[in-house]
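Throughout, protein chains are lettered first and strands after them, A, B, ... in sequence-line order, and every chain is numbered starting at 1. All heavy atoms count here, side chains included; hydrogens, waters and symmetry mates do not. In this text, all values refer to a predicted model and were calculated from it rather than measured experimentally.
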Amino acid sequence: QQQVKQSPQSLIVQKGGISIINCAYENTAFDYFPWYQQFPGKGPALLIAIRPDVSEKKEGRFTISFNKSAKQFSLHIMDSQPGDSATYFCAASIRTGFQKLVFGTGTRLLVSP
Amino acid sequence: DVKVTQSSRYLVKRTGEKVFLECVQDMDHENMFWYRQDPGLGLRLIYFSYDVKMKEKGDIPEGYSVSREKKERFSLILESASTNQTSMYLCASSLPRRSSGANVLTFGAGSRLTVL
């Protein structure tokens, strides 16, 4: 079963716009929520991550917003650039025990020039 | 720089063939993983290993096996390839859970397998 639901499946944003990708999870034991970025021909790479003790984390143009009560988290890309065009995966895991990551289905982002 | 290398970027095999996918990491990571990536399904965990000669089933282990004889090498084996195993296979590694970077997966570039 899908433990992390991601939407939308694809997204087209104009250069300079805001890209927003949403994820929802079911397992309340999850306590680590990373986002991975994958360029064509490459493996995914960690972009940014958040733990549930904070509601927002910002790194440059990338921000994770976290809503624990709604069991949702989202990635916001401000001032989106063509170089941000990639596939983005949200994920979740439990820190204690073996940290098996559960991934969302991915969002293909295209930033048009 | 941390590196995970998958020896074959593209493979074409026939139904029933035995397939080996090799992965090597040079970071002295204890944990290694095999995922498959399919459009609309994201990344799904096939097997993982947290130590030499140790292996654990992931979410979709059927039709696959793994081998970890050395710390740096983790192999995925398809005993008898089938067309529904046509996919992109991604290897990853990470530090053990006691480490501060334990949750960070470093992925290889992937091996695209086509089974005819």
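- A chain of hydrophobic side-chain contacts below 4.5 Å, direct or via other Ile, Leu, Val, Met, Phe, Trp or Tyr residues, connects A:V13 to A:I77.
- Residue A:L110 places its CG atom among more than 12 non-hydrogen atoms of other residues, nucleotides or ligands, all under 6.0 Å distant.
- The contact between A:P44 and chain B is made by backbone and side chain atoms together, counting heavy-atom distances below 4.5 Å.
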Pair up each side-chain donor or acceptor in residues 58-68 of chain B with any protein partner under 3.5 Å, not counting sequence neighbours, and list the distances.
residue: B:Y64; atom: OH; partner: B:R36; partner atom: NH1; Å: 2.9
residue: B:Y64; atom: OH; partner: B:Y89; partner atom: OH; Å: 2.7
residue: B:R68; atom: NE; partner: B:K71; partner atom: O; Å: 3.2
residue: B:R68; atom: NH1; partner: B:E30; partner atom: O; Å: 2.6
residue: B:R68; atom: NH1; partner: B:S49; partner atom: O; Å: 3.3
residue: B:R68; atom: NH1; partner: B:S49; partner atom: OG; Å: 3.0
residue: B:R68; atom: NH2; partner: B:H29; partner atom: O; Å: 3.3
residue: B:R68; atom: NH2; partner: B:E30; partner atom: O; Å: 3.0
residue: B:R68; atom: NH2; partner: B:K71; partner atom: O; Å: 2.6

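- One N or O on the side chain of B:R9 and one on the backbone of A:G41 form a donor-acceptor pair closer than 3.5 Å.
- By the criterion of side-chain heavy atoms lying less than 4.5 angstrom apart, applied directly or through intervening Ile, Leu, Val, Met, Phe, Trp or Tyr residues, B:V24 is not grouped with B:Y50; the two fall into different hydrophobic clusters.
- For B:L45, the part lying under 4.5 angstrom from a heavy atom of chain A is the side chain only.
- A distance of 7.0 Å separates OG1 in A:T87 from CD in B:Q37, rounded to the nearest 0.5 Å.
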Pairs under 3.5 angstrom only: tabulate donor-acceptor contacts from the side chains of residues 68-76 of chain A to other protein residues two or more places apart or in another chain.
residue: A:S69; atom: OG; partner: A:N67; partner atom: OD1; Å: 2.8
residue: A:S74; atom: OG; partner: A:H76; partner atom: NE2; Å: 3.1

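- For residues 103-113 of chain A, the set of pairs meeting the salt bridge (Lys or Arg N to Asp or Glu O under 4.0 Å) definition, not counting sequence neighbours, is empty.
- Remark: A:E59 CD is packed, more than 12 non-hydrogen atoms of other residues, nucleotides or ligands lying under 6.0 Å away.
- Here the closest heavy-atom approach between residue B:V104 and residue A:L46 is recorded as CG2-CD2, 3.7 Å.
- Summarising the local packing, CD of A:Q9 is surrounded by 12 or fewer heavy atoms from other residues, nucleotides or ligands at distances under 6.0 Å.
- Separation of atoms OH (A:Y36) and CG (B:L105) is listed at 4.0 Å; rounding is to 0.5 Å.
- Using a 4.5 Å heavy-atom cut-off against chain A, the contacting residues of residues 107-116 of chain B are B:F107, B:G108, B:A109.
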Side chain to side chain contact (heavy atoms under 4.5 Å, CB included) between A:L101 and B:Y35, worked out
CA-CA 11 Å; A:L101 272 176; B:Y35 287 87; 3.9 Å; yes
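- Transitive grouping of hydrophobic side chains (ILVMFWY, heavy atoms separated by less than 4.5 Å) brings A:L47 and A:V54 into a common cluster.
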